[in-house]
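Shown next, in structure tokens, is the structure this report addresses.
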Amino acid sequence: MNQSENISNLFGRMTFNKSIMEKRLNQKIFLKLMDTIDHETSLDSDVANEVAHAMKEWALEHGATHFAHWFQPQRGMTAEKHDSFLAFSDDGLPIQRFSGVQLIQGEPDASSFPSGGMRSTFEARGYTAWDPTSPAFIQKTKQSVTLVIPSVFLSYTGTVLDNKTPFLRSLHAIEDSAKRLIKTFSGKSIKSVKTTIGAEQEFFLVNKMFLEERHDLLLCGRTLIGGLSAKNQQMEDHYFGAIKPRVLDFMHDAEFQMLERGIPAKTRHNEVAPNQFEIAPIFEEANFAVDHNLQMMEILQQSADEHGFAILFHEKPFKGVNGSGKHMNWSLVDSNGKNLFEPSTEPKHNLQFLLFLSGLLIGVQKYGALLRAVVADAGNDHRLGANEAPPAIMSVYLGEYLSGLLQKIKNDEELDDHISDSINLGIKKLPQIRKDNTDRNRTSPMAFTGNKFEFRAVGSSQNVAEPAMVMNLIVAFGLDAVSRRLEKSLKEHKNRATAALAVIRDAVEETENVRFEGDNYGEAWEREAKKRGLLNLKTTPESLKILTQNDTIELFQNYGILNEKELKSKYDIKLAAYVKIKDVEMKILLEMAETMVLPALIRNANNLAQLANSLTKANVRLNREIDNISKMISKMYAAMDVVRNTISQIQQNGDAKKTASMIVNRGIAAMDELRGLCDKAETIVEDNLWLLPKYREMLF
Ligand code: ADP
Ligand code: MG
């Protein structure tokens, strides 16, 4: 890579973006394509052919030999199917061809993607379709160059099979609802409202060689055995110092590729845990932000590999060490560039801000558990519901100033009389809400941070498309409720400000239970939340049930996001994934205990027994130690039996729901018990008999 290259030269040069299209397409075609993108009209085949041709020529100049439709299956991350540009001309000569049809529609072999029973065997396969709102890009490995086409993934009957389709639909839903509220309040029509997202990505980095020695890391993405001893925690970071230049090289490489892809990312070391890092990109329109986060994860993975590292996106790779999340910063921006969640110095804008805030609060109040459900998986259970940030109870933190303001609005009983028709009076009522007035609460799952909301419950390995989809959906619901009330209120009050304030006051009252400014950790909040009637869904199976509730189905259907069958299949896919992950974890843990920990204990006991035999006089301490280890060996056998039994019961049981509750009720405790013994063994077994790399080796 050329270090001296100018960022403005390299930024986005591996993407077939708007400015490249403008340069390479004739103007008529370009305008038609832009019209398609802006208004989502259907694409003419002549436009598609021209675009495909220009895209191919551009890709060939970059050395591409293949193209791939890149999509977001529900099992997470992304998938792609590569096809060669190779074709043969009429006279049998090899040529490179890429048609409009190939651009628009691909046919991956969908049979191996989870569909939650949506696709019966006789039904035709699924297909991918180009999403022209997200730019195609060049993907490079050491040897290969591929033109990658962001796509949605559907069945031939039009059933949703991916995460991108419902997400794109949710963007429309919230846009419509936001425009309606603006129109209702101000009487003005706004051209567009877009969702903006900034996803902060956390991850761990370890030396790749450890994956060969640790099956748990390789196959589960996390350690199933191991811990930090008190001694390790105080370790100097001189080990870390030694790998630092390599880490920097990796980051530099990854960052360079991200910039070439037009991903506005900045890597930085995260201070919280050793070897943990974070990338916070500059926020973008939601569809870009989601696709960019997925690309970023792929780039990081590839670059890590090239630099001899393994990247861990798992939410909790190391016990006793901070886990990883993906904070989703979320807001709305209108076509004038105004952030709809940004308080303003102008009171009438602040009223609009407070109406939007009311909508968000109503949405979370009614459907907060849905936000919890959509980020529920085996990995994230180690954060939500375990003693890690944030808790499983969904609440909103607004900061002292904004909370105080809402309280004032609520308490002012003479609101209607006092605010007649003077906006000036509004100034007194609604003093300027300043950005720096939002003091930070790091423990809340959803925090207002001045001009956006930060949803912190997303797992580091997850696709933001899903939580973003739910966020859009529930806020759309809330905004519509506000619009309806405002329409009514405007008939009752002649003054707009008064009408709006009445609606805001009702919303403030109604959403009191989801607003929480205190410490979200600990039992005090759990007790308080229970009193408030907020759900505290600690495990994935429990949380997923929300997806099948009637009010959830109604919400998804009303906004045209997913139908009942599709929601049910989402539930099935997520539950099956949970069972599968836990099943694999139990098997790997059992195998590691049996083949690595137990033999080490036995060998250690033997060594000590030999030593004891060789002594002429019995050593009490030595015998006690031998006795200790023997007892541990017996306990290990017992704990292994419990895990083994649970695994075989899972195998006999065909029903995912029953299996999942078996895992929750017995499997997890059995794993914890066995792990506890293994972790204890790690602290007593002679170091040279212990085959697994320890935390202190991997993390420092
Ligand atoms: P912190 O680490 O304190 O949470 P950062 O500054 O690291 O905050 O990250 C904030 C993230 O929020 C960045 O990705 C930033 O681009 C993003 N962001 C800022 N404004 C908006 C907005 N209006 N909409 C969406 N995301 C935003
Ligand atoms: Mg953050």
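Counting starts at 1 for both ligands and their atoms, following the listed order.
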Worksheet entry | Closest heavy-atom pair and its distance - E200, A280 | CG-CB, 4.1 Å
Worksheet item: Out of N329, N339, L340, whose heavy atom sits nearest atom 12 (O) of ligand 1?
Response: N329
Discussion item. Which label fits F341 and F356: parallel for a plane angle under 30°, tilted from 30 to 60°, or perpendicular past 60°?
Written reply: perpendicular
Worksheet entry | E342 contact mode with ligand 1 (heavy-atom cut-off under 4.0 Å) | neither
Worksheet entry | Residues K164 and D131 bridged, charged N to O under 4.0 Å | yes
Worksheet item: Hey, is K18 close enough to E22 for a salt bridge, meaning N to O under 4.0 Å?
Response: no
Item to complete: Please say whether A280 places an N or O atom under 3.5 Å from an N or O atom belonging to ligand 1.
Response: no
Discussion item. Is it the case that the side chains of N520 and S395 hold a donor-acceptor pair, with the cut-off being a distance below 3.5 Å and no angle test?
Written reply: yes
Worksheet item: Atom OG of S358 and atom CG of L501: how far apart are they, to the nearest 0.5 Å?
Response: 9.5 Å
Worksheet item: Judged by non-hydrogen atoms, does M328 sit under 4.0 Å from ligand 1?
Response: no
Item to complete: May I ask which of W330, F341, F283, F453 has a heavy atom nearer to atom 21 (C) of ligand 1 than the others do?
Response: F283
Fill in: Closest to atom 4 (O) of ligand 1 (judged by heavy-atom distance), picking from E284, E285, E200, R456
E200
Worksheet item: What atoms of ligand 1 come closer than 4.0 angstrom to any heavy atom of E454?
Response: 4 (O)
Fill in: Polar atom proximity, H327 to ligand 1 (N or O, under 3.5 Å)
no
Worksheet item: For ligand 1, which atoms sit closer than 4.0 Å to a heavy atom of I282?
Response: 16 (O)
Worksheet item: Is R169 positioned over the aromatic face of Y559, cation under 6.0 angstrom from the ring centre and no more than 45 degrees off axis?
Response: no
